[in-house]
Amino acid sequence: MKKDSFVLRGGIVYSKNLNEIEAYDGGYLVCEDGSCKGAFPVLLEKYKDLPLIDFGDMLIMPGMTDLHVHAPQYTFRGIGMDEELLTWLNKYTFPEEAKYKDIEYAKKAYDHFSEDLRRSFTTRAVVYGTIHNEATTALMEKLEKTGIISFVGKVNMDRNGSAGLQESSAAESLKATEEWLEAIAGRFKNTKPILTPRFIPSCSDELMRGLGELAKEKGLRIQSHLSENKAECAWVKELVPSSSCYANAYELFGAMGSNEFPSIMAHCVYSGEEEISILKKHGAFVAHCADSNMNLSSGIAPVRKFLDAGINVGLGTDVAAGSSMNLLKTVLITIQASKMYYRLVDNSAKPLSFEEAFYLATMGGGKYFGKVGTFQEGYEFDAVVIDDSLMKSMRDMSVRERIERICYNDSDAFIVEKYVRGKKIYTRTR
Ligand code: GUN
Ligand code: FE
């Protein structure tokens, strides 16, 4: 028999497309060689010989993708939410990230981050490290051990940082990036590098241009922040006066990516028509970070406009501006934010349905990794098994209702097992 081949039985739920969820009570989910063969209400004859694991009444959903999370900021998640972006960076974030120069501190903090990510709903993640090569390599080593599939970036910053958190020049930052790429080359199966200019205010023109060239030369992807906060947007216009909008500044430096090597741009709260067309033209992914956007009073991103324009959208927890790595909670906040956008900003922008938000957390972000994020045939087999039996009810709840209920309140729902490409990477022990 091929390896990583088995059948899971349980309450199966997954997206068919942006608007439809498929759910089976007591359904069968088939994995062959790490690949999904589909979900079925009854087990097909040809799969009857595969080992079957019966999860009874438990829920089985696709693993979720976090398109934007800052590993070094996990240490101060849920605290220091009293400032807006630029002050928040200087007051809390830069001093914390400066500590990762100390490799012992970094290793301990990244142990906490990696272990908690392993126990989460996330099976794929795109992660920021810090400017420090040694610490970022340690982060990659730890993530590789979890079995989660990720992109990880050593951050570039050669201006407007803090005393302890800034590279001395564009040349030094580019050199460090090349050294980091050499140090990790060929070392990891599941953990890939991604170029990570923090955002335009942190990176000189020369550095941005150099990173754009490096991306093309080595076939690397780029992640950054875009149009998150009004003061930030005004600052970018001052820093790159020739740019017609923030995304155009990245474009001028050759750092917007391509369909083959798509960039991830986090936030996009203040992206107007021109910016939307630039994102679309380059096949970029918007990492929608609704929790973070509210915590830092940044605003609400026009997700409905992105979807209508056919832009790739996934969800980012953006810890620590987002307060937790829980993507189910992020689904809920995404829906709530879209309702407030509709009510307070633009009543032609229909709020996101549960189907749409669930899609963004699974298939939407999963697309960045290829065929990932659903149980349709041919997708990679990433699955999370959830026990919600402590959530009492006076009515018969369908699988579809139960998955919605745990997005709105997951306090009594527990992850029992998690699979990535057909390999079990987590089993609950307590
Ligand atoms: N913009 C530049 N750096 C950051 C960061 O660390 N978090 C957030 N939310 N926005 C940023
Ligand atoms: Fe961020």
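Indexing begins at 1, ligand by ligand and atom by atom, following the structure's order. Everything quoted here is computed from the prediction, not taken from an experiment.
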**Report entry** Sub-4.0 Å heavy-atom contact, His267 with ligand 1
**Finding:** yes

Query raised in the report: Taking the six-membered ring for Trp, are Phe285 and Tyr368 parallel (under 30°), tilted (30 to 60°) or perpendicular (over 60°)?
Result: perpendicular

Report summary line: One finds that the ligand 1 atoms under 4.0 Å from a non-hydrogen atom of Ala321 are 9 (N)

Report task. Keeping to residues at least two apart or across chains, list the salt bridge (Lys or Arg N to Asp or Glu O under 4.0 Å) pairs with something in residues 189-199. Result -> Glu97-Arg198

Report task. Applying ring pair (Phe, Tyr, Trp, His ring centres under 6.0 Å) between Tyr100 and each of Tyr105, Tyr74, Phe113, report the one that passes. Result -> Tyr105

Report task. May I ask you to identify, for Tyr92, whether its side chain, its backbone, both or neither come under 4.0 Å of ligand 1 on a heavy-atom basis? Result -> neither

Requested in this report: Give the name of the N/O/S atom in Asp318 that lies closest to the Fe ion (ligand 2).
Outcome: OD1

Query raised in the report: Tyr128: heavy atom below 4.0 Å from ligand 1, yes or no?
Result: no

Query raised in the report: When the aromatic ring centroids of His288 and His68 are compared, is their separation below 6.0 Å?
Result: no

Report summary line: among protein heavy atoms, the one nearest atom 10 (N) of ligand 1 is Glu228 OE1, 2.7 Å

Query raised in the report: Parallel under 30°, tilted from 30 to 60°, perpendicular over 60°: which one fits the rings of Phe369 and Phe151?
Result: tilted

Requested in this report: Using 2.8 Å as a strict upper limit, say whether an N, O or S atom of His70 approaches the Fe ion (ligand 2) that closely.
Outcome: yes

Query raised in the report: Considering only heavy atoms, does Glu232 approach ligand 1 within less than 4.0 Å through its side chain, its backbone, both, or neither?
Result: neither

Query raised in the report: In ligand 1, which numbered atoms sit nearer than 4.0 Å to a non-hydrogen atom of Asp318?
Result: 8 (C), 9 (N)

Query raised in the report: Relative to each other, are the rings of His70 and Tyr128 parallel, tilted or perpendicular (30° and 60° limits)?
Result: tilted

Requested in this report: State the atoms of ligand 1, each with its element, that fall below the 4.0 Å cut-off from a heavy-atom position in Arg198.
Outcome: 2 (C), 3 (N), 4 (C), 5 (C), 6 (O)

Query raised in the report: Are the aromatic rings of Phe375 and Tyr379 close, with centres under 6.0 Å apart?
Result: no

Query - Carboxylate-amine/guanidinium contact Asp388 Arg405, below 4.0 Å - result: yes

Query - the Fe ion (ligand 2) to nearest N/O/S of Cys289 less than 2.8 Å - result: no

